[in-house]
> 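Questions regarding the structure given below will be posed in turn.
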Amino acid sequence: MFCGIDWAEGHHDVALVDDTGKLLAKCRINDDLDGYRLLLDMLDMLAEHGDTAETPIPVAIETSRGLLVATLRQGPRKIYAVNPMAASRYRDRHGFSRKKSDPGDALVLANIIRTDAPVHRPLPADTDLAQAVAVLARAQQDAVWNRQQVANQLRSLLREYFPAMIEAFRDKPGTLTRPDARRILAVPPTPALAAKLQMWKLTAMLRQAGRRRGIETDAERIQQLFRQEAPRQLPLVEDAMGKQARALLLQLDAACEAVDDLARATEEAFRSHPDAAIMLTFPGIGPQVGARILGEIGDDRSRFATAGGLKAYAGSAPITRASGKRRYVGRRFVKNNRLNHVGHLWAFASLSGSSGAGSHYRRRRAGGDWHMQALLHLFNRMLGQLHHCLQTRVPFDESIAFPTVCAGQAD
């Protein structure tokens, strides 16, 4: 038998078919504990149809998250997360009228696993710690993106009435997200108040924000910027914009705090994982980058039987489209975007940490690759090395990873 589940927010439709595609049972369960128990009891009562501990009935569903999926994954049952677009294409095989219903979608999902299970992958059997690292790493990355979004909104507002604040921290790492920038903006949110700031007040705020060096010089530079003549909004308009800036600043402070808290939790969880010792031996991989990579590839070593499968999943391997006389080799658009994003960070950071990686990058640039192409090729190569090291449980070795470069250095 094969089970398909069309999930929704308040309820889920379930369909069970046999190996000929005949519908044997269907039902609708609620999205609560009673509904989950009803589904599990229904599946457990089907031992006469082949549901045993050795060969449990597989389940197809259009999501890999949620309490329903977590409940199903607690047992040995294989869970197939079918892409909704793929399920939509399968629906056309059962009729051309384009009709659609939740029970019908559950039936389609069950038949997908019945006919094409080998071309779909079940959810990986990652450990609890690997799943926790994935949650924290993704949350930290989302928090970084949210922090930048709020910072951009604040910067756009400051350009309208207080450009001196942007100029004061333009060349500083982090710009408006810096603790000293946020500390100063909280006190004088308008040019009128900023022009009245005394030197001792500025130096005190910089120290309170954690600054230790160059305080006097920076305070004098900022005071001069705030007291320079510049275009101004009308007093009431300027005051209103200052209140809006304070509201955005509260959001930015919360976003920065969330980034820091999640970064600490992510690093702690990552370092406690067995794969961390191997991954940290690679140039360019620190705790945050390593956590993001581990969170996306997991620790189920059977998930990617070959390095090519992992490279295709990350989008670093090219894809070939051949039809008739036309043949095209280009980059992949269907990929794990989070893994692809952190791969570029990894490759770029490895340039300064590995002579072999730097030599490989320069050789690709000399061959005609532009910057991002060379980084993608380097990421593709190092991803294969990571796959090998994790499979064989050996650390990264520069002389093996880039033998030509290391041999040249020895000569």
Side-chain angles (χ1 to χ4, degrees), residues 136 138-267 286-289 341 344-345 348-349:
L136 291 171
R138 291 171 182 172
Q140 197 271 342
Q141 187 177 31
D142 290 341
V144 170
W145 291 339
N146 180 62
R147 179 185 65 183
Q148 190 59 48
Q149 183 180 21
V150 177
N152 290 341
Q153 293 177 7
L154 180 59
R155 183 183 183 279
S156 179
L157 176 63
L158 291 174
R159 286 184 68 252
E160 300 294 328
Y161 82 104
F162 196 3
M165 187 67 201
I166 301 175
E167 187 64 29
F169 297 94
R170 183 185 300 276
D171 299 328
K172 300 288 186 180
T175 59
L176 294 178
T177 63
R178 295 169 54 88
D180 49 354
R182 290 183 281 120
R183 177 67 181 174
I184 292 177
L185 182 59
V187 176
T190 63
L193 296 175
K196 300 176 182 179
L197 281 177
Q198 300 296 323
M199 182 65 68
W200 68 269
K201 184 68 172 179
L202 279 170
T203 55
M205 287 189 290
L206 291 176
R207 287 194 178 91
Q208 292 171 0
R211 290 285 299 275
R212 293 293 180 268
R213 293 179 296 180
I215 295 178
E216 299 293 339
T217 303
D218 254 10
E220 184 178 354
R221 179 182 61 85
I222 294 172
Q223 186 184 55
Q224 291 178 357
L225 283 173
F226 287 169
R227 293 185 176 182
Q228 285 180 355
E229 292 187 8
R232 297 272 293 272
Q233 294 278 359
L234 296 174
L236 290 179
V237 176
E238 184 179 280
D239 184 61
M241 287 183 168
K243 293 178 180 178
Q244 183 183 0
R246 279 190 172 175
L248 287 173
L249 187 61
L250 291 175
Q251 299 179 43
L252 184 59
D253 288 338
C256 292
E257 184 179 357
V259 168
D260 295 338
D261 292 344
L262 288 170
R264 287 190 292 269
T266 302
E267 180 175 351
Q288 297 302 322
V289 171
H341 177 269
H344 286 284
L345 300 179
F348 184 75

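If you read the sequence from its start, that first residue is 1, and numbering goes on from there. These numbers come from a predicted model, not from an experiment.
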> Roughly how far, to the nearest 0.5 Å, is CE of Met199 from CD of Glu220?
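Between atom CD of Glu220 and atom CE of Met199 there are 5.0 Å.
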> Would you say Arg227's side chain and Ala195's backbone share a donor-acceptor pair under 3.5 angstrom?
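At least one qualifying donor-acceptor pair exists.
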> Is it true that Asp239 and Lys243 have a side-chain N and a carboxylate O under 4.0 angstrom from each other?
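Here Asp239 pairs with Lys243 in a salt bridge, since their nearest N and O are under 4.0 Å apart.
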> Can you tell if the side chain of Ile215 reaches within under 4.5 Å of the side chain of Arg207, non-hydrogen atoms only?
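Ile215 vs Arg207: side chains touch.
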> Check whether Arg211 reaches the backbone of Arg213 with its side chain - one donor and one acceptor, N or O, closer than 3.5 Å.
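Yes: the side chain of Arg211 pairs with the backbone of Arg213.
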> I'd like to check Arg232 versus Pro191 (side-chain heavy atoms, cut-off strictly below 4.5 Å). Are they in contact?
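Heavy-atom side-chain distance check passes, below 4.5 Å.
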> Do Thr203 and Leu206 have side chains that get closer than 4.5 Å, going by heavy atoms?
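The answer is no, as the side chains (C-beta and beyond) never meet within the 4.5 Å cut-off.
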> With no hydrogens and no angle check, is any side-chain donor or acceptor of Gln223 less than 3.5 Å from a backbone partner on Leu197?
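Pair found, side chain donor or acceptor close to backbone of Leu197.
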> May I ask you to test the Ile184-Met165 pair for a side-chain heavy-atom distance under 4.5 Å?
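Yes - at least one pair of side-chain heavy atoms lies under 4.5 Å apart.
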> Report the residue from Gln148, Gln149, Arg155 that forms a side chain to side chain donor-acceptor pair (under 3.5 Å) with Asn152.
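When side chain to side chain donor-acceptor pair (under 3.5 Å) is applied between Asn152 and each of Gln148, Gln149, Arg155, only Gln148 qualifies.
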> Let me see the working for Leu176 and Leu185 under side-chain contact (heavy atoms from CB on, under 4.5 Å), right down to the final yes or no.
CA-CA 9 Å; Leu176 294 178; Leu185 182 59; 5.5 Å; no
> Can you tell me which residue among Leu262, Asp260, Asp261 is in a side chain to side chain contact (heavy atoms under 4.5 Å, CB included) with Gln140?
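Result: among Leu262, Asp260, Asp261, Leu262 is the only option passing the side chain to side chain contact (heavy atoms under 4.5 Å, CB included) with Gln140.
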> Are the side chains of Thr175 and Ile166 in contact, using a 4.5 Å heavy-atom criterion?
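No, too far: nothing below the 4.5 Å cut-off.
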> Below 4.0 angstrom, N of the basic side chain to O of the carboxylate: do Asp218 and Arg221 qualify?
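A salt bridge is present here (some side-chain N lies under 4.0 Å from a carboxylate O).
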> Out of the candidates Arg178, Arg147, Arg246, Arg182, only one should pair with Asp253 under the salt bridge (charged side-chain N to carboxylate O under 4.0 Å, His left out) rule; please name it.
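Output: one option passes, namely Arg182.
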> Can you tell me which residue pairs pass the ring pair (Phe, Tyr, Trp, His ring centres under 6.0 Å) test with a partner in residues 189-247, sequence neighbours excluded?
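Sorted result for residues 189-247: Phe162-Phe226.
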> Is there a donor-acceptor pair closer than 3.5 Å between any side-chain N or O of Thr217 and the backbone N or O of Gly214?
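No, Thr217 side chain to Gly214 backbone: no donor-acceptor pair under 3.5 Å.
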> Among Leu248, Leu158, Leu252, which residue satisfies the side chain to side chain contact (heavy atoms under 4.5 Å, CB included) criterion with Gln153?
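Of the listed residues Leu248, Leu158, Leu252, the side chain to side chain contact (heavy atoms under 4.5 Å, CB included) partner of Gln153 is Leu248.
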> Does any part of the side chain of Val187, heavy atoms only, come nearer than 4.5 Å to the side chain of Met205, both counted from C-beta?
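Touching, per the 4.5 Å side-chain cut-off.
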> With side chains defined as the heavy atoms from C-beta onward, is the minimum distance between Gln288 and Gln141 less than 4.5 Å?
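Not in contact.
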> If you look at every heavy atom in Tyr161 and Ala245, which pair is closest and at what distance?
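Reported closest heavy-atom pair: OH-CB, 3.3 Å.
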> Which distance, rounded to the nearest 0.5 Å, do you find between the CD of Glu160 and the CE of Met241?
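Going from CD on Glu160 over to CE on Met241, the span is 5.5 Å.
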